[in-house]
Each structure stands twice: as C-alpha cells, then as structure tokens.
There are 2 protein chains.
Amino acid sequence: MPSSTTAPAAKPMAMSIEHRLSDEAVIRLPSLLKQAFKHFKNPGVISLGGGLPLPSMFSFNKISAESPAPPFAHGIAADPHTLGQDITVTNIAKYPEDLEHPMDVPLESSLQYGTAQGPDQVLKFLRDHNNLIHNIAFQDWDIVCTSGNTQGWYALLRTLCNPGDVILAEEFSFTSAIQTAQGNRLTVVPVKVDLEGIIPETLATQLDNWVGPKPKLLYTIPTGQNPTGCTLSNERRQQIYTIAQKHDIFIVEDEPYYFLQMAKYDSDRAQRETANHNPAQSEFIKGLANSFLTYDVDGRVIRLDSFSKVLAPGVRFGWIVAQKALVDRIIPFQEISSQLLCGFSQSLINGLLQRWGQEGYISYLIKLREEYTNKRDAALDAIETHLPREVAEWIAPDAGMFFWIKVHAAKFGMDRFNTEFNNDPRKVEEYIYMKAVDKGCLVIPGHWFAVNEQTNPPQKTIEISEDDRSALYFRGTFASASAEDLDKAIKIFGDVLREEFHL
Amino acid sequence: MPSSTTAPAAKPMAMSIEHRLSDEAVIRLPSLLKQAFKHFKNPGVISLGGGLPLPSMFSFNKISAESPAPPFAHGIAADPHTLGQDITVTNIAKYPEDLEHPMDVPLESSLQYGTAQGPDQVLKFLRDHNNLIHNIAFQDWDIVCTSGNTQGWYALLRTLCNPGDVILAEEFSFTSAIQTAQGNRLTVVPVKVDLEGIIPETLATQLDNWVGPKPKLLYTIPTGQNPTGCTLSNERRQQIYTIAQKHDIFIVEDEPYYFLQMAKYDSDRAQRETANHNPAQSEFIKGLANSFLTYDVDGRVIRLDSFSKVLAPGVRFGWIVAQKALVDRIIPFQEISSQLLCGFSQSLINGLLQRWGQEGYISYLIKLREEYTNKRDAALDAIETHLPREVAEWIAPDAGMFFWIKVHAAKFGMDRFNTEFNNDPRKVEEYIYMKAVDKGCLVIPGHWFAVNEQTNPPQKTIEISEDDRSALYFRGTFASASAEDLDKAIKIFGDVLREEFHL
C-alpha cells in the first residue's frame, strides 16, 4: 500500500565496479586458509591449523607511549613532562590483568597475524570520524587500512589499472605518486592548473576532445596541493565531479593535508589576532573544504587518508575510503603484499585515538590548525616583505605545508632567456635554485614536479600562453623551519631574484 | 710488481643483473627530490625543501617497551615482572636529554620520513648478524628492510619478473606466497618434493626437458618448509644450487623458520634430556643448515629474512639479503609502495637488538630453539603414540612450526576411494578434515597448499607413482597449542583415521 507521506530519500548505492577492475584484481583469489578461520574460533576445536606463534613467546611484554593530551591549551609542542598522557598496551599472555582501555588493541592481537583490513577498534573509530566530517553521498562505503597514502595509492592502482592504462593528474604533482603510477607502467597525462588548482573548463575541453582510450581516473590532491599549495574551491570540486561523471572516470583524492586547513591569510597582523582564534568544533568542521565524497552519488570517488601529516609520518598508518565492493577488492591485495599494519602502530595509534575520543581528536586538529596557521603566516609575511612583485606572483595557501612562487622569466630579459638558457624555463629554474642554495636558501625548482605527457597518440594540445611558456615555479615549505629561519631564507631568495632580474 | 706470495683468493663479485630485471624495474626513476638531500644536511643552507613536519609536532614524546632480557635462564615466556628489560626511545624535540642507548633510532628520526632501505643502526646490526651466521660466497651483498617476507617477496617479484614469466616452487608451498606470484600474473610451476624436500635429480630432469621460456627463479622455503615441515639437507642445497647455475635461474630462499631449527627428535625421552641441552653459541651457529648464500659464487641467491617467527609476526620487520646491484633496484620499489618501515618498529626492534647485542640475540635464539624443540617433541610423542602406522607416514621435523602427515588413501579401500570419492584424493582429504573438525581437531588438508601447474605449453610430465596418486596429506602446527592440547588433538585425528580405515 503506497504511503501518502514521502519517506526521506535514501542515499543511492554505489555503481558496479566489476567491469572496471584490473585484470589482476579479477584473478586475485580469496585465501583458502581463511575458510578454516571459522573453526579456529570454535572453542570445541583444538586448532593445529594456523602457523601462529603463541603470544607468550612474543618478545614484547608491554609497550607504552607518552603523547600530548586534550585540551591542548598549551599547544601540541608544549612541555610533555606536565601535559602528556600515557598509553600502555599489554600482552595479556604476560600481563593477564585487564586492558587499560576497553577499546585497546592488545599486543597478543596486534603482534599476531591478523586481518589485512585493520583492527576492528580502529576501523570503528575511523568510520565514526568519517561520519562526523564527511557527508558521503552514497550508502555502501567502507574503509581499509594502509601503511600510508603511497602504499594505499599503489594498492589502488593495482586494483583498478592495467599496464598501459591512462590516468590524469595535476600538471604539477607529488613526484612520488606519479612515479608510483609510472612504475606501474601507466601513462600519466597532465591536467592544466592555475594558481587555484584544476580548471574545470579546461579539464572538460581536454576530455571532450580526448583521442584514444579514456583515462581510468583523475588523481588529485585537492587540499593544500603538493607542490602548488592551493586548495580547490567547493565550486570547482562540484564541477570536476560532474565532468568525471560525464566521462565515467574515477576520482582519487589524496588528502594528507586535509586537516592542515588554516584561517585565511591576512597581511594585517592586528586583524589576524582576532581572525585566527580557534573555532568551536562544529564551526571548524563546517569550515572544512568538501571531500569529493560529498558529491559522490555514484561511488566513483576514492579517498586516500593518512595520519602522516597529522600525527607523524613514521607511524605509517593511512586508510582508504571507497565503495565497499572496491574495498573488498583491495583487501586481498594487502594480503599478498604488506599483509597487515605494523602491530605497534595498531596498538599505539588506536590507543591514542581511543583515549582522545572523537572530540579530543577534533580539538587536536583545531590546535594543529593554529600551529600551521602561524607557520604559514610567518612564511607569507616574509614573502610579502622580501619577494619582488615585479617578477614574482603567489597566492597565500589556505592549507598544507607548501607555498608556490611563480616567476616570470620573460621579465628576466628575453635576450638572456633565449641565448643563455636556450629558451628553456627549466634551465632558468635550475640556475636560480643553485644561486639560492649557494647563498643559503633551498627551495625546489617547480619542474621537478612537472608531469610529462607521454600519451600516444598525443592529445589535442591545450593552448599555452606566452606567459605560461616562460613561467618559472619554485616550491617552498613552511612546515619544517622556524619563523626566524623562514624570514631569513625567503629574504635570501628575494635577494637572488632582485639580483638576477636587475631590480 | 708481482708478489711472490699468493694473497688469499678474494671472493668473487656478483654477476650482472642488468638483463635480468623486469621491464618495470628498468624504468623506475630515482627520486629527483633526493638530489636536493645533500643540501638538506648542509648547515649553511636553510631548507625549505622537504615537506617534513617538525618533530616537535609529532604526537609521540617517547615510547617504551618491556621485553625479555638475556641470559633467558628462565625461558622466553617467563614472568616479566622480574626478568624483563626496559627500552625507552625519546623524541629529542620533547626530551632533549641524551639517548638511552648510543645506537638507538630516536623518534625524531624514526617517526619522520626517511630512507626506504632502513635505518643505519638496524642495517649495521643485520650486516654483523649475517657475517656471524652466513659465510656468503660473493663479495658485494647488501640488505634492504621490508615489512615482512610477503612484502619482500612482492617487491622482489616486481623487480625481477614480468607478467607471464614462469617461476618454480615446491609442489606444496606457502599459499600466500604463491598467491602473491599469481597475483603478479606469473605462472608457478611445481617442483616435485619427497618428505625431505626438493629432489635434486627430479629438478634437474625437469629443467633439462623444459619446454618454452625458462623459469626466472626457484622459490623455496628450505628450512622447516611450510607446509611439509622438512628441511633440505646441505647436500641437496649444494646440488640444487649447481642446477640453478646450469640453467641460470635465481634461487629465492624464504627463511622465516631458519632460527626455529631444533635438536633432532628422539622418541626415547630419557635420551632426550641429554641431547636437548642448549648448545654453546659457536656450536649452535655451526649446527645451523647452510643458507644457499654459502654456495653462491654468482650472486644469484636472494634471501628473505624476517623477525616474524623470532620476535613476533606483528612487528612487520623483515629484510632481503642479495647482491648489492639488486638491492639498489629494490629500494626504489619500496619508495613508491610501502615507502619506509613503521617508525615504532624501527625504534623498538632496533632498541631491543642493540640492548641484547649479537651475543644476547644468539642466546635468545638458542632459548627459542629449546622452546620449539619441546613443542615439537610433544607433538611427535603424540603422533608416535596415536597415529596408525598402517596408513600414516611422517618424518619428525627438524625446524619450523609444522608437521606433515602422509596418509595412503589406497589403503582406505580402493573401492570406496573410487566410488564414493571419485578417485580424487582431495575429496578424501576434505572428508577426513571435516570428520576431525567435528570431533574437535583442526588440521589443514594438504591440497590447500598444492601449487597447480598452469604452464602453457605443458612441461614433460614427471612420472607419478600409484602411491603418489592416492596420497593424502595433512598439515598440523605445534606452535600454537599447549603440549596437553597437542596430545588431545592428535589423538582425535588418530581415532578418525582408525575409524575411517577400519583399523
């Protein structure tokens, strides 16, 4: 009997990926031994099945860590002697007392063979976290843990792409991710960007005029992009999603810098004091850029997420959010390669998150935002003070670790550009890079991040303006230097530009 | 001027691998960003180069672990409250005091981005360990860390093999390793084994009569093989190496169970007390089976080594020993996939090893030998007591975690074998497996470990005897159950055999 009131429309289910998998993913077999696992847990059966050492033989009785603790009133880097919290996780075979926290992953589990998807406790925390932060537009999503976004990206490529497949990436991108793709014998075709990221209209034109097999996916770093530091606006994200739908391609959002979103840069330091206050949790969450998952009614977005920039790079703990059918195809890849997350990371990262709770974690992220805002401000203050606007151009980054300086080589004197550097902006970049290093400042030449087009047949060439043709780029980071050193180094870079451009 | 005395012959250098690499390994590019690393360390240069978070921002101030300590007089699993040692590794940005141990890997390094090869401190320990245990026959070998042997095996396959290549493996082998190879679209051809492992003569015949492209490598678990539990004799190792030389194939020795080599089984318990004494360190080392590296004058052996069975599986810490040119090709693969070892593992495993020292580690391994000898003895005592020799056959394993029972289905009554089970020993295995599970004992059917031949064109068939054709196999482990449970479970299995074979 039809109801007279309309129920709220349920979210759609994700599209089928069966015909979108790599040949390799199709032939990956589920583990036969796993069939026996159901009996392992039957208390009436003595298992001589799995080759699992007894936990009483593990070389670690217990591990502990000291970490900062909410409310982080004194900052993340504050004196730990007074402000830390202790996490202790025991091996129950050696210390049969109860766990310190009911949601801990004890050592007898984390240091044993286990599930490639990740421990249940962490998966629960991450699912709750996702529900808190992202309003994913389709129903059937899931999570698989990775040992960081590079490993997640590798696993994903082996699940979706065959050698020879084509993928898209921002024309300047994270070199290691591009090398991962090229190492898998994929062709990476660059997508034009401006100082605000991928230009939807240009992407649409590029795909509408595509020659040969369509690209499988678009790889993008939407927030605090590496190397350009820019963050895609929500409007551009929505437009890019619609283009991906039209051409039926996946979007892979690599989002390690997502929680390094900051207050907008304000060159007026007095104003800044007011603006940079720490927002309330709901305000903080509302202010974050939208994940592509927010628009994803098809289940064509894959999010690569990581604790590397949030907790520490060496924890080697990331995760993939994607439609469940895809996650279920990635798990068997993890089983035949990295197998499982390092157990110390399982116990300690989970231990940290469970003690902080969702609210404590958000308060940590808000504090992180403040610290990165301050660092970015120090860098931008120095850039505004020291770089010559006559030849250099930049946009204050709203996220991430990087600033990106565009320098107009044409203003360098076209004569010198043409003769001394053979009309090649890359050579000018290298020259200025070495000049700056000699004087004590290291920034990276932009062309080191350039994605070279190697398509065959070549795509219709995107118009390149004279301005673009002679553009130089340099990437700097504000993450790893003090405010004082940032000022000193950027002044050196400015001096080099002034000297070389005779300003 | 020629010397009149002959210098001791230097060890040979490894053969060239340039033409033996996968297509993918050849195109893997060295990281451009690494070019800038030399400047990162120049104190006169302020680096705004690498996207490295400041260690003061890491969420871990210090970590500690409690582990057993030498001389392990009371066993590894003894009461930790009185016999443990503490390892504390600090983040110098939070605790600027000196390191607890001069060879520690501090958190500001292990939790930061770093080298894919592994931290220097661990590499030094492992190189010294190798020199102590193995007399590698060629000069130029090196080590790269992995997150366990499955990951190491995966990395190696991507460096040596192209899709479609053929490799060899024992006809019963570690399922996950075979799936890793098949997941890389390799064809795995089984090599015939008897209860002592690969039969050199059969391997020689197989290769002499090979049809089509030769196999690239032989994958073998020489010591405490999984699933058969057998250990190749040094004589067979030497012979197999010579065959590999003749046919120019690599040997990959996967040796997770190497240090689970035990005293020989003696069914006379009184004798045993004398025989199972803990040997002196030099005697212990001398008694270990030879690595294939001992014979490897060509640099064609690749050793996969791991702490999984020695310290704990979840530490996810392994390493590859191979000729340096090959190691140098594997490192860039690590860079584009798993990137680096989990930092907690770097600091804690290194911390453990440095505090134990080489001698302490060997004394730990000797104690481990004692514990596994006792477990194996308990299993074998039960097997000798409870299994019907009329239909079952076994060899007491000298290493590893597994025992392997051969059962003659022909003795089952050929009528029943032919009619009820359609002449298929696999069906009989499944039937007996389920019968045993129902009664409370889980052992794994041998055919779950069978490597199926999928070669095209098919190789010349190796003669299979009637005895082989009707052989059933079952794998059990003695690692994960108590002596009492081992006896109970094996008695159940024996009862099932007696009942089904009407004994």
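What you see below is based on every heavy atom in this structure, not just the backbone, and it leaves out hydrogens, waters and symmetry mates. Since this is a predicted model, take the numbers as computed values, not measurements.
At a threshold of 4.5 Å between non-hydrogen side-chain atoms, the residues L348(A) and I63(B) count as touching. Side-chain contact between I490(A) and L48(B) is present, with heavy atoms from C-beta onward closer than 4.5 Å. In this structure the side chain of F60(A) reaches within 4.5 angstrom of the side chain of L352(B), judged on heavy atoms. F58(B) has its side chain out of reach of P68(A): every pair of non-hydrogen atoms, C-beta onward, lies at least 4.5 Å apart. Annotation: side chain of P53(A) is in contact with side chain of P313(B) (closest heavy-atom distance under 4.5 Å). Counting heavy atoms from C-beta outward, D23(A) and R185(B) have side chains that approach closer than 4.5 Å. Between K488(A) and I46(B) there is a side-chain heavy-atom pair separated by less than 4.5 Å. In this structure, the side chains of L341(B) and R316(A) stay at 4.5 Å or more apart for every pair of heavy atoms.
Proximity of a side-chain donor or acceptor of R475(A) to a complementary backbone N or O of G49(B) within less than 3.5 Å is detected. Counting only distance, with no hydrogens or angles, the side chain of T180(B) and the backbone of I336(A) share a donor-acceptor pair below 3.5 Å.
Contacts with chain B were tallied for D485(A), I87(A), I492(A); D485(A) has the most, counting heavy-atom pairs under 4.5 Å. Interface summary for chain B: among Q151(A), R158(A), Q346(A), the most heavy-atom pairs under 4.5 angstrom belong to R158(A). Chain A forms the most heavy-atom pairs under 4.5 Å with one residue out of S176(B), G44(B), S147(B), C342(B), and that residue is C342(B).
Of the N and O atoms on the side chains of T150(B) and Q339(A), at least one donor lies less than 3.5 Å from an acceptor on the other residue. No side-chain donor-acceptor contact under 3.5 Å links Y154(B) and S338(A).
Atoms CE and OG, from M57(A) and S480(B) in turn, are 12.0 Å apart once rounded to the nearest 0.5 Å.
Interface remark: Y372(A) contributes side-chain atoms only to the contact with chain B (heavy atom separation under 4.5 Å).
The distance between the ring centers of F344(A) and F317(B) does not fall below 6.0 angstrom.
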